[in-house]
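Quick notes on the structure that follows.
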Protein chains: 2
Amino acid sequence: MPNLAATYRLDREPDDLPERLPEPAVENIRLERVMGVLADPLRLTIVQRLLRESEDFDQTCGWFGFDRPKSTLTHHFKALREAGVITQRQYGLERRSRVRLDDLGHRFPGLIDLVLAWSPASEG
Amino acid sequence: MPNLAATYRLDREPDDLPERLPEPAVENIRLERVMGVLADPLRLTIVQRLLRESEDFDQTCGWFGFDRPKSTLTHHFKALREAGVITQRQYGLERRSRVRLDDLGHRFPGLIDLVLAWSPASEG
DNA sequence: GTACTAGTACGAATAAACTCGAACTATAGA
DNA sequence: TCTATAGTTCGAGTTTATTCGTACTAGTAC
């Protein structure tokens with residue numbers, strides 16, 4: 001495994017990074033859409049883990065370690081991206097995701113904190 | 001039309017009010033469920049209008065003036081109640097709704113503000 | 001009592017979401 | 001070039017939501 005911190009640090013210049021996959025512009029992010037996409041526990045988990053455990057660089061699909069078919073994961077990541085919650089970039093073979101922190105914070109102040117504070121049903 | 005402000009003011013004692021219809025206890029309100037229920041524009045509108053236009057007393061289904069069959073409205077109000085977003089009380093013939101402001105504010109600080117700030121897609 | 005009203009319950013049709021397997025694409029490394 | 005890897009795309013089955021019409025219930029008013 002390569003040194004991700006060195007290779008994919010987010011403090012690089014934007015020019016260094018691969019293009020973002022298609023996603024809505026900030027002003028087109030809709031609250032009802034975001035709510036809908038965060039209504040799913042798996043997707044809520046994805047966003048929360050990106051927020052809690054992955055501050056300084058993007059993460060791949062596989063990093064999460066979900067025991068689900070790849071096509072299912074693709075489906076959920078795409079849903080998150082198309083709703084405007086995450087950005088995805090193609091790093092060679094890998095497609096890495098990060099939360100659109102600034103955009104969401106600007107459009108929907110407080111939303112990120114709700115996701116951070118969430119605890120899954122199985123937990124206490 | 002009777003004087004609602006006098007008849008149904010919320011600063012009455014709880015004993016004066018009809019029972020609440022079945023709803024989850026505060027600690028059982030789940031964020032993913034709330035998100036799911038607020039993903040629908042009609043329901044988001046219901047909650048927003050209750051918040052913006054109805055601070056001092058509960059409102060009936062009909063008060064909103066939606067041009068939808070009654071059974072559709074029943075469906076959505078029930079969804080909101082079962083998710084823990086609103087409380088409903090039976091006042092004689094009418095079933096009046098109000099947002100569970102304290103409960104939601106306590107469980108999910110910031111959520112109410114998101115709903116208040118929301119603007120429907122058709123608007124600017 | 002009868003009639004009106006506000007809303008529920010049920011059932012069916014349609015639409016949307018979730019899940020997954022199988023086949024595929026594109027990159028990386030030997 | 002061959003192989004492994006990380007992920008996509010497509011299609012189908014299943015589930016869940018939405019919408020609505022019709023029939024019903026429970027208060028209210030006369």
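Letters go in sequence order (proteins before strands), and every chain restarts at 1.
Cation-pi check for A/Arg49 over A/Trp63 is met; the charged atom lies under 6.0 angstrom from the ring centroid and within 45 degrees of its normal.
Heavy-atom minimum distance, B/Cys61 versus B/Leu73: SG-CB, 4.3 Å.
When the P atom of D/dT8 is taken as reference, atom CZ of A/Arg89 falls 16 Å away, rounded to whole Å. Atom CZ of B/Arg68 and atom C1' of D/dG21 are 15 Å apart (whole Å). Between the CD1 atom of A/Ile86 and the P atom of D/dG7 there is a distance of 12 Å, rounded to whole Å. In this entry the distance linking CD of A/Glu94 with P of D/dT8 reads 12 Å, nearest Å. The nearest whole Å value for the distance from the CG atom in B/Leu73 to the P atom in D/dG21 is 12 Å. Rounded to whole angstrom, the span from the CG atom of A/Asp58 across to the P atom of D/dG7 amounts to 12 Å. The separation between A/Phe64 atom CZ and D/dG7 atom P is 10 Å, rounded to whole Å. When rounded to the nearest whole Å, the span between NZ of B/Lys70 and C1' of D/dA23 equals 11 Å.
Here B/His75 lies in heavy-atom contact (under 4.0 Å) with a base.
A sub-4.0 Å separation between OP1 or OP2 of D/dG7 and a side-chain N or O of A/Thr74 is absent.
Of the residues listed (A/Thr87, A/Ile112, A/Ile86, A/Leu50), the one engaging A/Leu101 in a side chain to side chain contact (heavy atoms under 4.5 Å, CB included) is A/Ile112, and it is the only one. A/Gln88 pairs in a side-chain hydrogen bond (donor to acceptor under 3.5 Å, both in side chains) with only one of the listed residues (A/Arg81, A/Arg95, A/Arg96, A/Glu23), which is A/Arg81.
The outermost nucleotides of DNA chain C lying under 4.0 Å from heavy atoms of chain A, listed 5' to 3', are C/dC18 to C/dA28.
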